[in-house]
Every structure is written in structure tokens, then in C-alpha cells.
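Counting convention: from 1, in listed order, for ligands and their atoms alike. Numbers here simply count residues along the sequence, with the first being 1. Remember, it's a predicted structure, so these values are computed and weren't measured experimentally.
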Amino acid sequence: MARIIAGMGSPHAPAVGAAVDRGDEESAYWKPLFDGYKPMRAWLERERPDVIILFTNDHFTSFFLDVIPTFAIAVANQHEIADEGWGRRALPEVPGHTELAWHLSKTLVDDGFDLAVCHRLPLDHGSLAPLSALMPHVKEWPVRVIPILVNVLHFPIPSAARCFELGRAIRRAVGSFEDDLKVVALGTGGLSHQLTGERFGMINPEWDAEFLDRLEIDPQSLARLSHRELIERGGTESVEMIMWLCMRGALSQAVRRVHRNYYHATLTGYGQVLFEDCENLTR
Ligand code: DHB
Ligand code: FE
């Protein structure tokens, strides 16, 4: 049986991927962030999950205004590296897991979630920034990845509650897959940031800390927040924090916090967490 053994949260700003590519991880500016990845990398190396279910969003790279699925899943066995306008990053294609992705697609429909099924979905910084910061990737990636995309760019976007419920449905769906697989749920984006308008550049570290506390202990209370409440507290683009609720919904009610880090540099509050699943990873 497949089981979700842990959840992680990571920023996905393109600057993180650029810092990885430049080898800038020990600079004074970036060290507080990349030090935060070290326990997560060590944990991944030790536990060697088979699959990462990656909750992220497309940034008008593979979808545009003509078609914007609310939720989408990438079922290919290899995911291409997208060119976001400044050339493709020199990364190997990311291996997918077609069998599990199809199982999720079919099972989720029966469970009330109709995801757009994507046979080709080039990945942008929303996926590649966190993956490249979390794992070695020079020749190949050590894990298969199933991207699940959430529309957080163009209203109407799904509610925080719906994202949390999607995570729960994914937990059920993973649990009904026959093969013995160790699965990690990875939520990406945020935390507080606003990249447009009057509050451009705003960061709210107090809110980010409260969000991470409640994510661990009382995620249902976050799932009740409206988009307006999230945006007022964290800035317009911080609404993508709902993707962390997808991750949290995929975990047991009680989780073991293994790691948490927070850093804010220029435009974005960067949060990192690693929660072990209390039901599926017994120690
Ligand atoms: C930026 C882009 C993002 O998609 C994001 O989530 C945070 C920051 C950026 O362009 O800086
Ligand atoms: Fe983003």
C-alpha cells in the first residue's frame, strides 16, 4: 500500500532557483534560507521517498488566459523544464509516476474532485525552485514527482477549505494504491508577499509565524479563512499559501514537527516546514 509519510512546505520564488544555479547558497544573503533546506535534504536522503506529490501553481507558463484549470494533475512519466522567457534552466527532466497519477485522477473523480488531466505540462519556477533546492539533481532526480496544480492567479480561485479537502482526498487516494510507495506531500509558495499595487513589497512576519503555528496544530482554522482575509494579512500573492493547506490536508491530524525555518529577504516571506505523519510513519 502507498502511504504519505510526511509533508513539507517550501517557497517557490524564482530567485531561489537562480541562487541554486549560481551556487550562491552560502552567501550572506541566501545562507539563512539554504541552511533551512539542510535538515529537509538530510531527511529526504535518509527516508528516500519514492514519490513527491507537489502542490504548486503554474505562472502563465503552461496555461494562459485561454484555459485555466482550477485543479490539474500532470500524469506524464517525464515532466519537461519550461522556458519562462529567460531560457530553460539546465535541469534534467523530472520523472513522473504515471500509474499513481492515473490512480489519483480516477479515484479523485469518484471522491468529488475533477482534476484536469495533463499529459504534457512543462514545469516552471513554482515546481523547479523548490525541487532544485531540496534535492541533488545534476544528472537525474532521486524521486518521482506528481505535480498537482492549483489556480491561485486568476479569480475565481478555489477556497482554502477546498484545498484542504483536496489534500484529504489525496490522502485517501494514495492509501488505496496497491504498490508499496513512500510518498511525501510538498506544498509550495508564499508566505506573505505582494508583487503588485500599493502594498508592493509588503511582508507580514507576524502573520507568517501565526500561519505556520496554526498549520501544524489547527489547520482547519486556516481552511475557514476567506481569500480576502488571507490577502489582507499576507498580501495579494500570498493567497498561494492555500497550497500549503493541500499539503496539510494530506497528513494525519496530529503531525510531528521535525523542522521549521523562516527568513525574509526582499520581497517574500520564506517559510520551510517538515512534518512527519503520525499515523503512517511510526518511530
Ligand atoms: C516571485 C514569484 C512567485 O511566483 C512567488 O511565488 C514569489 C515571488 C517573484 O517573482 O519574486
Ligand atoms: Fe508563485
Side-chain angles (χ1 to χ4, degrees), residues 8-22 24-25 27 29-30 32-34 36-37 52 54-65 68-72 74 79 81-89 91 94 121-134 145 147-155 157-158 160 163 186-205 207-208 211-212 215 227 230-231 233-247 261-273:
M8 292 184 171
S10 166
H12 74 209
V16 175
V20 170
D21 292 348
R22 284 197 313 274
D24 208 12
E25 304 182 16
S27 68
Y29 185 88
W30 286 110
L33 176 73
F34 284 98
Y37 279 118
I52 288 180
L54 167 67
F55 295 102
T56 187
N57 68 288
D58 178 78
H59 297 78
F60 290 145
T61 304
S62 292
F63 304 130
F64 198 55
L65 294 173
I68 306 183
T70 304
F71 294 116
H79 308 297
I81 308 302
D83 182 348
E84 297 185 58
W86 53 83
R88 278 190 183 79
R89 289 181 63 193
L91 301 172
V94 179
L121 192 101
L123 302 179
D124 72 9
H125 66 268
S127 304
L128 300 172
L131 293 176
S132 63
L134 280 166
V145 177
I148 294 190
L149 285 95
V150 182
N151 167 31
V152 294
L153 286 196
H154 197 270
F155 282 86
I157 67 177
C163 289
L186 171 59
T188 74
L191 301 176
S192 60
H193 65 301
Q194 171 148 346
L195 304 177
T196 52
E198 278 178 19
R199 297 196 304 169
F200 175 88
M202 74 156 282
I203 295 174
N204 185 347
W207 165 234
D208 290 341
F211 180 87
L212 294 178
L215 185 73
H227 296 134
L230 287 162
I231 286 171
R233 297 199 69 180
T236 41
E237 279 70 25
S238 80
V239 79
E240 68 188 12
M241 286 154 77
I242 59 177
M243 295 183 296
W244 289 50
L245 288 174
C246 297
M247 173 275 284
N261 186 52
Y262 183 74
Y263 174 53
H264 60 91
T266 44
L267 288 178
T268 312
Y270 291 132
Q272 292 149 317
V273 295

**Q.** Set of residues satisfying salt bridge (charged side-chain N to carboxylate O under 4.0 Å, His left out) with respect to D21, sequence neighbours excluded
**A.** R89
Q) Do the side chain of D124 and the main chain of A82 share a donor and acceptor less than 3.5 angstrom apart? A) no
Q: May I ask you to decide if G190's main-chain N or O and E240's side chain share a donor-acceptor pair within less than 3.5 Å?
A: yes
Q. So do V145 and L123 actually touch side chain to side chain, heavy atoms under 4.5 Å?
A. no
Q) Using the ring of each side chain (for Trp, its six-membered ring), is H264 parallel, tilted or perpendicular to Y262, with breaks at 30° and 60°? A) tilted
Q: For H227, enumerate each residue passing the ring pair (Phe, Tyr, Trp, His ring centres under 6.0 Å) test, keeping only those at least two apart in sequence or located in another chain.
A: F155
Q. Which residues and atoms, protein N, O or S only, are under 2.8 Å from the Fe ion (ligand 2)?
A. H12 NE2, H59 NE2, E240 OE1
Q. Are a donor atom and an acceptor atom from the side chains of H125 and E84 found within less than 3.5 Å of each other?
A. yes
Q: With a 4.0 angstrom cut-off on heavy atoms, strictly below it, pick out the residues next to ligand 1 and order them by chain and number.
A: H12, A13, P14, H59, H125, H193, L195, E240, T268
Q) Would you call the rings of W207 and F211 parallel, tilted or perpendicular if under 30° counts as parallel and over 60° as perpendicular? A) perpendicular
Q. So, S192 side chain and D208 main chain: donor-acceptor pair closer than 3.5 Å or not?
A. no
